[in-house]
Structure formats: C-alpha cells, structure tokens
Amino acid sequence: MASEEPKVSVVLTTYNHERYIAAAIESVLCQETPFRFELLVADDGSTDGTAQVVRAFHASHPDVVRPLLSPCNIGMMRNFCNAYRMCLGGYVALLEGDDFWTSTKKLQRLSDALDQHPEWSGCFHSARVVRAEDTASPHDYPRTKPAAPISMPDVIKQNPACTCSLMFRRDVLADLPPWLEGLAVGDWPIMLLLASRGPLGFVDENMAVYRIHAGSGWAQQDIWFRTLWTLEMMSCVDEHLGYRFHREFQQSMCRLAWSAALRGPAGSARRAARPAIAQLLSAADGGLRSRPSHGLLVAALHAPRPLTLLVSRLWRTVA
C-alpha cells in the first residue's frame, strides 16, 4: 500500500502544542481504513517541544507522517495553505494540534459519505467542545443537528462545523485564493468556499474533541478582534464570489456587528454604538441599498476604537 496514492490527506496544523500534539497525531494514526491515508503535520515555528514530538512520530511512522516544520512563525493561515498545497489525497480532512479525534472510524465514515454523495462538496460531524481552564460544562457543536444538506445561505449565517470535523474534496478547492493567507480566521472561509461549490453533508456522529484553552489562537481573542476579522473575511469571500450572495453576506455582517455592540464593554460607549448598528440592520432589511445617515458616524466617534473601525467598514460595505 505504501506505493499507492493516499485516498485521504489529513492536514494537521500546530503551534506551541507540546502538551496536546501527541494525542492529536495518535488519533489519526489509529484510524482503521482499507485505504491509504497521509498525515501532513505543519508546525508553524513552535518555540516549545512540538517539533521534536512531530519528528519522533515521523521516525516511527515514516510511511504516514509527513513533517512540515517551518523555521519561523509565518502565521496560521499561511502555514495551513502551504501544507494544503502539498496534499496528495482526493479527500482532505482537517485537524489542529490541540484537538483530537475520538473515533477510529472517522476517516472511513466521512469518506464513505462523500463516496455515496458525489453532489456534496464536503461533509462534517459534531464535536465535543471542552474548556480546559474553567468549569464550564462541555457541549456539542453544532448544538442542534443541522438539516442536511447545508446550503450556502446557511453557512453565511453561521459556521456549522468545528475545524476538526471537516472533510472535503480537494478538487473543489484546487486553488486557494491568495487573500486566505492573510486572514486570522480559517475554518469559516473554507466552509464558505466549499458551500459556494456545492452543498455540505452532515454525518450524525460525534467523533472529535475541540479544546479551548489559554493558548487557543481564536477562541481566547476578545469580541472586537473576532468580529473585525470575521467581517474582513466575509468581505473577502463576498468579493471573491463576485457578489453572488451579497445580500446574505451584508445581513450576516450587520447581525455580527449588532451582537458585538450588545456583548461588548458596558457603559456609554456601548449605548452610543447600539443606534449605529441598529441603523445598519435597518439598511439590511431595506435591501442594502439605502445609505445610513450621518448619525452613524457620529455614534461611531463615541465608541471605542475597535468598534469605530468596525462601523466604518460596515459603512463602506452597506453604502
């Protein structure tokens, strides 16, 4: 089998995951399949012992583990894109170094689903979300079973999957757009690009653990960081797709902005921001053609700088 092309390529991205990386790699190596798969471990210049662990697994499993060790930190999405371009499998599954799979049949289940549904661009399953540093109860994501197949408007409203649960057809994303490398959020734009090419299927099994901890890159960022980068991502995807889903993107962006205004720091800044975001929502309901009034910019001047940037960007996109 070593001479055969792999059916599935697993892209495992990691950065300073010394505590977790062995569990992630082992959860891939224990997969039970009748076909060959490869594991590309892309380390983004870790400063702890992550690279040494990866080298040890390569030494013991040279026919499966392909180490891609960057000499310096190049950024999450550039690291992913570099690894993705080296995949050989027809299907690609994703995993991050602090997560792991809980079923030895995961690759088999998802590849079978894609074999049986050639119209799907990809598919995913649910995952258990666990917070390492607090007492919050674990929960499954997505919290409710999605109605399959999942269409593009559904994915624009909400990212339905954890990164560790996704498998997709490599030829659907044969060429990654250059702007993807500059983003701070990776799973949602990939889901959007896939959904633009065909529906996504859901496999009703829980087969992974998604960990949130102090070193988590995205989950530990504040609401302004996450909102601004999500808006940036949506603008990029919207433009990339030739504005075919422009209304849906604008409505989703307005909802995100409103949520940020509600959940952000309390006080006068938040009160000043709410009318501005409400006006954007009104513009969205009106068909996204009406320009917000000057009151939007006045309110933005009284908001904290991150919200000012957020509102300014929405002003340009809705106008």
With no hydrogens and no angle check, just 3.5 Å: does a side-chain donor-acceptor pair link [X] and [Y]?
{"X": "Y91", "Y": "D115", "result": "yes"}
{"X": "D154", "Y": "S151", "result": "yes"}
{"X": "T33", "Y": "Q108", "result": "no"}

Salt bridge (Lys or Arg N to Asp or Glu O under 4.0 Å) partners for K157, two or more places apart: none

Please say yes or no: joined through hydrophobic side-chain contacts below 4.5 Å, possibly via intermediate residues, are [X] and [Y] part of one cluster?
{"X": "V41", "Y": "F57", "value": "yes"}
{"X": "F35", "Y": "V65", "value": "yes"}
{"X": "L241", "Y": "L200", "value": "yes"}

Under the 3.5 angstrom rule, does the side chain of [X] hit a backbone N or O of [Y] as a donor-acceptor pair?
{"X": "S252", "Y": "F249", "answer": "no"}
{"X": "D48", "Y": "E18", "answer": "yes"}
{"X": "Q31", "Y": "K106", "answer": "yes"}
{"X": "E38", "Y": "L88", "answer": "yes"}
{"X": "W120", "Y": "F168", "answer": "no"}
{"X": "R55", "Y": "P67", "answer": "no"}
{"X": "Y84", "Y": "R170", "answer": "yes"}

Quick check: F124 with F202 (ring centres under 6.0 Å apart)? yes

Test of understanding: with side-chain hydrogen bond (donor to acceptor under 3.5 Å, both in side chains), list the residues that count as partners of D204, not counting sequence neighbours. K145

Heavy-atom count around R85 CZ within 6.0 Å, excluding the residue itself: above 12?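 Atom CZ in R85 is packed in, count exceeds 12.
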
Over 60° means perpendicular and under 30° means parallel, so tell me whether H17 and Y20 are parallel, tilted or perpendicular.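 The rings of H17 and Y20 stand perpendicular, inter-plane angle above 60°.
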
Taking distance alone, no hydrogens or angles, what donor-acceptor pairs closer than 3.5 Å link side-chain atoms of residues 72-80 to residues at least two apart or in another chain?
from: N73; atom 1: ND2; to: D44; atom 2: O; distance (Å): 3.1
from: N73; atom 1: ND2; to: D44; atom 2: OD2; distance (Å): 2.9
from: N79; atom 1: ND2; to: A42; atom 2: O; distance (Å): 3.0

